[in-house]
Amino acid sequence: MSFHSFTPLPIMAQDGDSLDSPTASPRLPIECLYLIIDCLQGDLGTLHTLLFVNRFFFHAAVPLMWQDPLARLRDVARNPGREKLMALVIASILYHHQQPGREPGDILGMFGLRLSRDLSAHPPLEDVMNRRGFKMTIDYSTLFTTIRPDDWPVIQFRQFISLRRIPISTQENLVGEGRVGCEEKEEEEHPVSIQTDQDYREEVERSICEMLLQFNPSFIKEVLFDMRVAKRTYLPLAGKMANLKTMYVLRLTSLPDEQVQSTIAFIQQNQKTFLSKPRLRLELESGWTDHDIDPCAPPMPGETETQRRSRVREALWLFAKPKLQLYEAVGLPSAMQAYRIPGFYSRITEFKIGFERLTEFSADQDRLDSGDVVEAEAMRTFFERCTNLEELNLAVTSPEIFSWAAKKMHQRRQQAGRQSLPTHPTLGQLRKLSLHSMRSFHYLIHAINDAMVAFSDTLQSVVATGYQQINLTTLQSPLWREQKTSLQANHFGDFAYLLPNLTSIKINLKAFPGFRRVGSFSQCPALQSLRIESGKVRYDQRRRQSHPTSIFDPDTDLEFSLFPKWNMPLLKTLVLHGTAALRFDYESLESMVKLEKLVLQSDLWTSMHRHFWRIPRLSAHLASAKLFAEEEDITDVLRDYDFGRDRNTDEVSSSNTTNDFSTSTTANNSGQSDQKNRKWTKTWTLPCLKSLIIGGPQICVFDFSWLDGSPYLEELLLTLEGPPRHLPFIELSPLTSSAITSAATSDVSMFVSDHLLTHIKRLSIVQWVVSLGDIARLLSMVSRSTLVGLNVECIHEKSTLTGMQLVQAIHVMDAQGVSSDCQQQHIELRSSLKYVSTDLTLTTEESKSVGLTPVPGSEAWGLYYGKHEKRIYSMGTGYFVRDEDVISWNDRDE
């Protein structure tokens, strides 16, 4: 918890007396109230309510609301609040730093800025410039503690502020593009074509940042530190920035020694001035990895391979050396980034850097260091010194990267008779581990399994990401063949020791599965999040062929399996992609009573033919797909992918050679769930489920009745891939087509049905065969007071639903629950639906008949959706709004 810098004000009792007076009722200490209010961080609604309680709560809530004022505006496409926020910050500076006898605009002139002539859209700036005598009780600029313009959302500064002179770089851009600039006259405002230039915008941002630094250095906590202006801008302020915690250091490819020394002087002076403050945290931004040195460049004429490697290593070292010089200036860094530093672990001993306080470390292993025994031993020594490391992000270029730590843990447990042990001394505080590899996923799985042994007592989160680049040479290499037969490199999920603190696992392999088996995770009793992406395959619908995105090893990649039934009672998030989603069996859901998010996605209809018959209960869908057998020739699909072929006998069951799919069975040993040849008829008992996303073959067996046990579902995304299919039938009171077409003149209260998805907020159906009855039954399931977004995308060509019918069905949903009494009393029950997205078309005549008005795309999301919160219809022919939601020209300016 953090206390605010405001002086606590006395809380006023209801009778007007101060709570500090003897007659006031007892109260909590001020410190306790601050701790309670600090728990509301991020709850903007509650904090906004506290502003109106009294002065104490006002001054306590404002800093929490301004911790990251632009954060809630970043994800909004076009929000006018950005400009209003920055205008308020500038107005605060002009008001609280105004000088007698000088105009407020003179302060801006010191930084090469000036205000626009028309400030009617920004009253605080207009009041300050006109000196109207209003009072601003809080200097909001002091609450703007993060000065990082590269992370600011797009702000249209031209609405209220501009430069006095056009930057030289902007003038060159105008000449190069053939645009005519304006003359250099300070009394004239620059045209919009100039102010929208990127260099011009960046100069405005730099000037505003410099102004904030000059007037509020003691309040700044995070700053984008440009080494180019370190001596001129930042070094004079080193002794004033008492609250500075993080420096985002920016450099160019060419880095003069003067810039390095000025940055070092700033770090040393700031830490020396404020000894009680924690050491600065350095984040190395753009430029530190943007060099033009190619480690794989061919040798120069007359140069040997050894000489080439030595030359490249030296060039890379000279480029990266300033990184370690900056960390040496910090002395005891809490975080380090060691990307693209050849020989890092061997060279780090040359610098006076302590690792006692190092908690976060990120590094890759340079290709030039691969196979270097000295560097490997130096890395081991480095990690043994990092006794307080909590977060590790590391590149894997060798399967033995953690083997030494795993062997050490094995020895300790054997000596202790496998009893509970104290914290492991090597990386004994490690909580988060992230490993990635571009060489071999075998290396990655081998390393992650060793890490599960070495750091089993403390690990809480594990991430493994593989960007496999497979070629024929890789498949034929002896090391690849050795690794593919290794249990350590192909099995994941059956760990040697208990991991009592592990709550999150994420395995992301971009190529085909790099391991053959995913185990039970029975050694992870506290697991709350499991994400596995095991492979992606392309499918050619015309040729009915599927093939991997890269060359694969059929002996390894097609032997993938999941543990039959997981037992994870604490799991809250389950995300399976690719082959992992195809092999998942719903039996595992019986134990996941706390599951909140379930994602089963595969980017294909059928994977490789050996995977096809392994999909649990897929045969149930094929039996129900008989309706489309003649039209889509599902018989050929089955024959092409050998559905029902026995792997042992390599014979096709005679039941699969006919068109009667209701009698088809699979004769494989591993697909036991398919042998009964029936659908999953149980209801999912997932009372906490909020998000369900299903796409790929497994959607074929989906049924809405499964959701009876998930009353709080908020997001439902269903993507069909494969033979066409209508939405599963919904056993509710359906809205008939005739009822929808006559909804304008009928009493719609008769169409009310019991809602199955009472809390749904986002509903999406993609690539289905959709009719008017399907969409009507679907909308009858949801509650009009909760649904916010509706997506009906890429529907199949056999669909009969039209754009006008979709809009009519939505109108009927809007009227659900509105009784005749409500209509007579003119009680308005507004629908919460904010956007409808579909590729269905809607002509001008049809839009008029359903009460919609077309609007420009430039106004749809910014003006209507963002500013006025009106419903948007994104159709295949453009954007539409309801006739009653059309905004007049007078309302646009409000």
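Just so you know, these numbers use all the heavy atoms, side chains as well, and skip hydrogens, waters and symmetry mates. In this text, all values refer to a predicted model and were calculated from it rather than measured experimentally. Numbering starts at 1 and runs along the sequence shown.
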Is there a donor-acceptor contact under 3.5 Å linking the side chains of [X] and [Y]?
| X | Y | result |
| --- | --- | --- |
| Gln159 | Gln156 | yes |
| Ser116 | Asp118 | no |
| Glu793 | Ser837 | yes |
| Ser705 | Asp708 | no |

- Query: Once the angle between the rings of Phe160 and His122 is folded into 0 to 90°, is it parallel (under 30°), tilted (30 to 60°) or perpendicular (over 60°)?
  - Reply: perpendicular
- Are any non-hydrogen side-chain atoms of Thr838 and Asn791 less than 4.5 angstrom apart? no
- Side chains of Leu763 and Val782 in contact at under 4.5 Å (non-hydrogen atoms):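 Leu763 reaches Val782 side chain to side chain.
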Taking [X] for its side chain and [Y] for its backbone only, find out whether a donor-acceptor pair lies under 3.5 Å.
| X | Y | result |
| --- | --- | --- |
| Ser691 | Lys597 | no |
| Asn508 | Glu533 | no |
| Tyr200 | Leu163 | yes |
| Trp768 | Leu718 | yes |
| Thr841 | Thr877 | no |
| Asn54 | Phe57 | yes |
| Ser92 | Leu88 | yes |
| Arg882 | Lys870 | no |
| Thr46 | Asp43 | no |
| Ser162 | Arg158 | no |

- Item | Under the salt bridge (charged side-chain N to carboxylate O under 4.0 Å, His left out) test, residues paired with Glu714 that sit two or more places apart |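 Scan of Glu714 (salt bridge (charged side-chain N to carboxylate O under 4.0 Å, His left out), adjacent residues dropped) gives none.
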- Item | Separation between NZ of Lys848 and CG of Leu842, rounded to the nearest 0.5 Å | 12.0 Å
Could you tell me which non-hydrogen atom of [X] sits nearest to which non-hydrogen atom of [Y], and how far apart they are?
| X | Y | result |
| --- | --- | --- |
| Leu852 | Asp883 | C-OD1, 3.3 Å |
| Ile765 | Ile775 | CD1-CD1, 4.2 Å |
| Ala61 | Leu50 | CB-CB, 4.1 Å |
| Gln601 | Ala581 | O-CB, 3.5 Å |
| Leu833 | Val788 | CD1-O, 3.3 Å |
| Thr196 | Arg201 | O-CD, 4.1 Å |

- Message: Any salt bridge linking Arg762 with Glu715? Criterion: basic side-chain nitrogen under 4.0 Å from a carboxylate oxygen.
- Response: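 Answer for the salt bridge query: yes.
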- Message: Using the side-chain contact (heavy atoms from CB on, under 4.5 Å) definition, which of the options Leu790, Asp814, Val812 pairs with Leu779?
- Response: Leu790
